[in-house]
Protein chains: 2
Amino acid sequence: MVEQARAQTEAAPDFRPLYAQVRDLILRRVVQGVWRPGEALPSEQRLAEEFGVSQGTVRKALDAMAAQNQVVREQGRGTFVATHRDQRAQFHFLHVLPDLGGKQMPVSRVLSIRPATANREEARRLGCRLGDAVTRLLRLRTIEGKPVILERIVVPTALMPDFDLPIGRETPEELYAIYERRYGVVVARAEEVLKAVTADRTDARHLGVVFAAPLLQVDRIARNLDGITVEWRLSRCDTRNHHYSSVIE
Amino acid sequence: MVEQARAQTEAAPDFRPLYAQVRDLILRRVVQGVWRPGEALPSEQRLAEEFGVSQGTVRKALDAMAAQNQVVREQGRGTFVATHRDQRAQFHFLHVLPDLGGKQMPVSRVLSIRPATANREEARRLGCRLGDAVTRLLRLRTIEGKPVILERIVVPTALMPDFDLPIGRETPEELYAIYERRYGVVVARAEEVLKAVTADRTDARHLGVVFAAPLLQVDRIARNLDGITVEWRLSRCDTRNHHYSSVIE
DNA sequence: CAGTGGTCTAGACCACTTA
DNA sequence: AAGTGGTCTAGACCACTGA
């Protein structure tokens, strides 16, 4: 197995546990698009034969991946590459919910979308160079008819060329599902920084709050399976009737 | 094993996987204080013999518990009941951090502490009856010398009788470590609801912000291993130079 | 029915800690 | 050296899915 790993990854002996090596080999193939989101992986037995390890070792690798939402396992059916086009994943990155009433997907409308070049802050946050091509997006999300979240989104053109969306109309698909379908870019992880801020004129107009009203700001960096930054998103939320939900366990 | 489980839990056949039954048996003993926080559990082999299952099944149960931070496993040493008196656990429930500069434990000072009876809201949040005895606590936390978090904390007297703390002085120990040491109450899980609010007079005075300044409010319900609510905490944070950090993966 | 993942077992060897 | 958890294997049987 170590030999096989070497053959595929370029020398460099690897003394980590076999299951960790197997996990990374599978992950690499997912990143390369050998198996696309939503598709089935080969069975544990086939993977074990291919990698020259026991089925139990493959199982441990896949269980670890399932724990990180990288694959989904279904008894009797198989193991599938995680996808945002899937009910399961819909709410994983959505933490803003109504105070009363259950989970419900917000309705999203694009206010503006246009190509630009990364300013200093965008370059820093996206990990690209100053002046690199990006797409800037302003989006309003409403929950149960009420405007709740105003989002300023920046994506690097290098990863998502010619990114465009219809303006004004309801966007039928989740943004991360669109990244995935159009570009094969899979958001696997996000880091969020939350602060309380005051509404500026733009916030106030779109969210229907008074100027300087308190808003919850969510600053999110989204990364793919490789850890590459694929989006910077700055959301401002009216939390009078909604909240950000977090569980620690 | 199913028979043994029955013998210990009172009839009721259990068709769940063995490892899940083993996990719950171990969890119950931890809740009952058979093994106290920080203490070592018997080895996998001993537990396997006692429960009449294989070592692999006990391992799967303990691995699942370790994944939920209920136990800590150390190669060559043993498996230990999780404790808040432990560097590892210190930051698990602390999500408010300085924007610049690494993690650092806040300094906590009690402003007031007094017994009371649960009002309607407290009873609802704590899951106790209106008028039940509680202890109310007002606490200020400073990070790098700056006041950052003002906390209103309510704990049920039923779980933590005669709860008291010195006022004004720096509290040397974490509150959850105190719950654990004094009462054997282990906080295992918390649900947080975040909103942006405006500072009232009390907030403004203690946090050094102007009246109506935007603050991040963190409303937390803390539960023990059994899911019993052990604390309601309403924190208001000045997020001008600090933030609430959240990772989604 | 064949094929998949889920559970459970038994045993081997390794890495690490403690004495 | 003895005891612990960590890794890896092999094989059995079960529960579930879909043709």
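Protein chains get the first letters and strands the later ones, always in sequence-line order, with residue 1 at the start of each. In this text the structure is predicted, and so the values were computed from the model without any measurement.
- Along DNA chain D, the stretch of nucleotides lying under 4.0 Å from any heavy atom of chain A spans, 5' to 3', dT7(D) to dG18(D).
- Taking atom CG of L18(A) as the reference point, atom P of dA15(C) lies 13 Å away to the nearest angstrom.
- Backbone-only contact: E74(B) has heavy atoms under 4.0 Å from sugar-phosphate atoms and none from a base.
- Put simply, the side chain of Y244(B) does not reach to within 4.5 Å of the side chain of E192(A), judged on heavy atoms.
- Distance check, rounded to the nearest 0.5 Å: CD1 of I143(B) to CG of L94(B) gives 6.5 Å.
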Residue pair E174(B), R141(B): steps toward the salt bridge (Lys or Arg N to Asp or Glu O under 4.0 Å) verdict:
CA-CA 11 Å; E174(B) 281 310 296; R141(B) 310 189 81 176; 3.2 Å; yes

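- Using a 4.5 Å heavy-atom threshold, the side chains of T171(B) and V110(B) count as touching.
- Pairs of residues two or more places apart, or lying in two chains, that qualify as salt bridge (charged side-chain N to carboxylate O under 4.0 Å, His left out) and include a residue from residues 93-104 of chain A are D99(A)-K195(B).
- F93(B) and H84(B) have tilted rings, their planes meeting at an angle from 30° to 60° on a 0 to 90° scale.
- Nearest-nucleotide positions on DNA chain D for Q55(B) and T57(A) put Q55(B) closer to the 5' end.
- Evaluation of the salt bridge (charged side-chain N to carboxylate O under 4.0 Å, His left out) rule for R73(A) yields E44(A), D63(A) as partners, not counting sequence neighbours.
- Residues from residues 61-73 of chain B that place a heavy atom under 4.0 Å from any atom of DNA chain C: there are none.
- Take the nearest nucleotide of DNA chain D for A20(A) and for S43(B): the residue whose nucleotide is more 5' is S43(B).
- Scanning both residues, P156(A) and V230(A), for their nearest heavy atoms gives CD-O, 3.3 Å.
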Using the rule given for salt bridge (Lys or Arg N to Asp or Glu O under 4.0 Å), can you reason through E231(B) versus R139(B), listing the C-alpha separation, both sets of side-chain angles and the distance that settles it, and then say yes or no?
CA-CA 14 Å; E231(B) 179 198 70; R139(B) 186 167 83 144; over 6 Å; no

Every protein N/O within reach of nucleotides 17-19 of chain C N/O, cut-off under 3.5 Å:
| unit_1 | atom_1 | unit_2 | atom_2 | d |
| --- | --- | --- | --- | --- |
| dT18(C) | OP1 | R77(B) | NH1 | 3.1 |

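- Sorted by first and then second residue, the salt bridge (charged side-chain N to carboxylate O under 4.0 Å, His left out) pairs involving residues 74-83 of chain B (not counting sequence neighbours) are E74(B)-R77(B), E74(B)-R88(B).
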